[in-house]
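Below is one structure, written out as structure tokens, with a few remarks after it.
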Protein chains: 2
Amino acid sequence: MNPTAIFDYLQGLQTRIVEAIELVDGKRFLHDSWQRAEGGGGTSCMLEEGNVFERAGIGFSHVIGNKLPPSASVAHPEAAGRSWQAMGVSLVFHPRNPYVPTVHMNVRFFVAEKPGEEPIWWFGGGMDLTPYYGFEEDAVHFHRTCRDAVAPFGEQYYPRFKKECDDYFYLKHRKEARGIGGIFFDDFNELGFEQSFAFQRSVGDAFINAYLPIVQRRKDIPYSERERDFQAYRRGRYVEFNLIYDRGTIFGLQSNGRTESILLSMPPIVKWRYDWKPEAGSPEARLYSDFITGRDWLTEHK
Amino acid sequence: MNPTAIFDYLQGLQTRIVEAIELVDGKRFLHDSWQRAEGGGGTSCMLEEGNVFERAGIGFSHVIGNKLPPSASVAHPEAAGRSWQAMGVSLVFHPRNPYVPTVHMNVRFFVAEKPGEEPIWWFGGGMDLTPYYGFEEDAVHFHRTCRDAVAPFGEQYYPRFKKECDDYFYLKHRKEARGIGGIFFDDFNELGFEQSFAFQRSVGDAFINAYLPIVQRRKDIPYSERERDFQAYRRGRYVEFNLIYDRGTIFGLQSNGRTESILLSMPPIVKWRYDWKPEAGSPEARLYSDFITGRDWLTEHK
């Protein structure tokens, strides 16, 4: 169990993703490092008003504490009271062009230690895609890349974590999926430390290949106010999910986390409109009927 | 104890406010009535893209059930298992002109009954103002109208419910007040039924006088993209408050309430921007330094 290796991996991953996005966008990220009074800190990188990305945030954080509160470890009551550290990279990229989907990716590690006892640790993470105007080709590519990232560790992982993703990114009050899913895993240590860490690296490393080809394919599609308007409306669902359901966001805000880093995920411009529904048969209606339905993309497209 | 009289009062209040706002705006509200499968229903009235109001929603609802869950009555465990009804009028008006403040008002009544026992009931409600560009005159007028509404029932009520309002409409993760406050009361039955109901009516009746003179004074002030931009940014705080903290919103969404009616409060267009701060000495900075500071407006202006 080697937190330093994970720390180094996560910092490197943030740097690689920042560089890849800057190459596509042409604009540089702002880098903002911060310290946490209770221990630890992080670096938030933000690109706003870019050429391709209207708001793209990627944060690295490493937070440490000397006594884990019981409320933070419901699934692991034996970890309460231990010294602990949590680290992760989390990103949400909101493109300007409504034909390019919004994406979220997160990889994280938690460990609680006590002298003379085995450490309690786990990995978590995943990535998921939120299109406005969907393309089957993109959905299949994204899911295939996710599957290929976890397949070397066992054939069971993609279906299991695809389902966890669909279950997690669901807006109960709308009876709607947030997007077309991807993979999501948490409390993951079943492969032992070395292989579980390799699993996390494989997911983190897959992100650029999962997302950037989609950006390249769609970023120059012409669009008008109509598509921008639908994008702004649908981004409201992203806000609702993150503020009402997302565990990381809610825990961060309640535990005195750094608000601007936690809310990196918020979209740049959002609209709400009363009881709006897309016209039957319209491209906007296809998002609801053909994409955010929990489809099994890879069974349909071998 | 007469729920029918409250029902009639609340429906009438909604109608009066709708008519008053239509007179100012020149555009009509959409009226949308709905039924709840478990019992009860309501009417949501919405004005979008008006001349003065960009999004103004006012909802009436009357919800009934035959067995109150214990989780819904933590403050009154003796009410669990009883048949119950809850009714209220709730509004949030988002003006287009950034010099006109956003306003929220709510009046509500709850009763839990059991044959052969005294009913358990209480009133709740209040109103609060959220300016973008503040005017002391407006803040004093709003608070004075609130004070005058509750003063006939006792001099203690305005200071007590002014403080409850400041405490409630507070964004802990921003260490910021939502606006300049007003009054907020809950679990209110200490004057007996007739006088407690009169208290609630006095608050509801005061709303139009508290808010419309401010709208009239500010609605024609010229503004540019700069003020619209700040308004959209500050509306983000409204979204954050309502989705993260507001008890009514969270309870409604969790309890399978009607989502579009609950989210009447969402602003029409909202922006998020990383770690933005107003320039020192700017009109935007004055909001933070001079208005949303929990000031005691009426002690300063007798």
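Residue numbers begin at 1 in each chain, while the letters A, B, ... track the order of the sequences.
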Indicate yes or no: at least one non-hydrogen side-chain atom of [X] is less than 4.5 angstrom from one of [Y].
{"X": "Leu129(A)", "Y": "Met105(A)", "result": "no"}
{"X": "Pro95(A)", "Y": "Val215(A)", "result": "no"}
{"X": "Val103(B)", "Y": "Leu91(B)", "result": "yes"}
{"X": "Phe110(A)", "Y": "Leu68(A)", "result": "yes"}
{"X": "Val239(B)", "Y": "Met266(B)", "result": "yes"}

**Message:** Taking every non-hydrogen pair under 4.5 Å, which of Val270(A), Leu263(A), Leu30(A) racks up the most with chain B?
**Reply:** Val270(A)
**Shortest non-hydrogen contact from Pro131(A) toward Pro101(A)** =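 The pair with the smallest heavy-atom distance is CA-CB, 3.6 Å.
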**Message:** I need the minimum non-hydrogen distance between Val24(B) and Val52(B), along with the two atoms involved.
**Reply:**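 For Val24(B) and Val52(B), the tightest heavy-atom pair comes out as O-CG2, 3.8 Å.
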**Request:** Identify which part of Ile250(A) has an atom lying under 4.5 Å from any heavy atom of chain B, answering side chain, backbone, both or neither.
**Result:** neither
**Item:** Under 4.5 Å from a heavy atom of chain B, the part of Ile262(A) involved
**Value:**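 Answer is neither: Ile262(A) stays 4.5 Å or more from chain B.
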**Message:** Among residues at least two apart in sequence or on other chains, which ones pass side-chain contact (heavy atoms from CB on, under 4.5 Å) with Ala56(A)?
**Reply:** Phe29(A), Leu47(A), Phe53(A), Phe93(A)
How about the chain A/chain B donor-acceptor pairs under 3.5 Å, what are they, with distances?
residue, atom, partner, partner atom, Å
Asp32(A), OD2, Tyr274(B), OH, 2.7
Glu48(A), OE1, Tyr274(B), N, 3.3
Glu48(A), OE2, Tyr274(B), N, 2.8
His173(A), O, Thr259(B), OG1, 2.5
Arg174(A), NH1, Glu260(B), OE2, 2.8
Arg258(A), NH1, Tyr274(B), OH, 3.0
Arg258(A), NH2, Tyr274(B), OH, 3.3
Thr259(A), OG1, His173(B), O, 2.4
Glu260(A), OE1, Asp275(B), N, 2.9
Glu260(A), OE2, Arg174(B), NH1, 2.8
Pro268(A), O, Trp272(B), N, 3.1
Val270(A), N, Val270(B), O, 2.8
Val270(A), O, Val270(B), N, 2.8
Trp272(A), N, Pro268(B), O, 3.1
Tyr274(A), N, Glu48(B), OE1, 3.3
Tyr274(A), N, Glu48(B), OE2, 2.8
Tyr274(A), OH, Asp32(B), OD2, 2.7
Tyr274(A), OH, Arg258(B), NH1, 3.0
Tyr274(A), OH, Arg258(B), NH2, 3.3
Asp275(A), N, Glu260(B), OE1, 2.9

**Message:** Counting heavy-atom pairs closer than 4.5 Å to chain A, which one of Gly236(B), Pro267(B), Gly252(B), Gly57(B) comes out on top?
**Reply:**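 Between Gly236(B), Pro267(B), Gly252(B), Gly57(B), the count favours Pro267(B).
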**Prompt:** What part of Leu264(B) gets closer than 4.5 Å to chain A, counting heavy atoms only: side chain, backbone, both or neither?
**Reply:** side chain
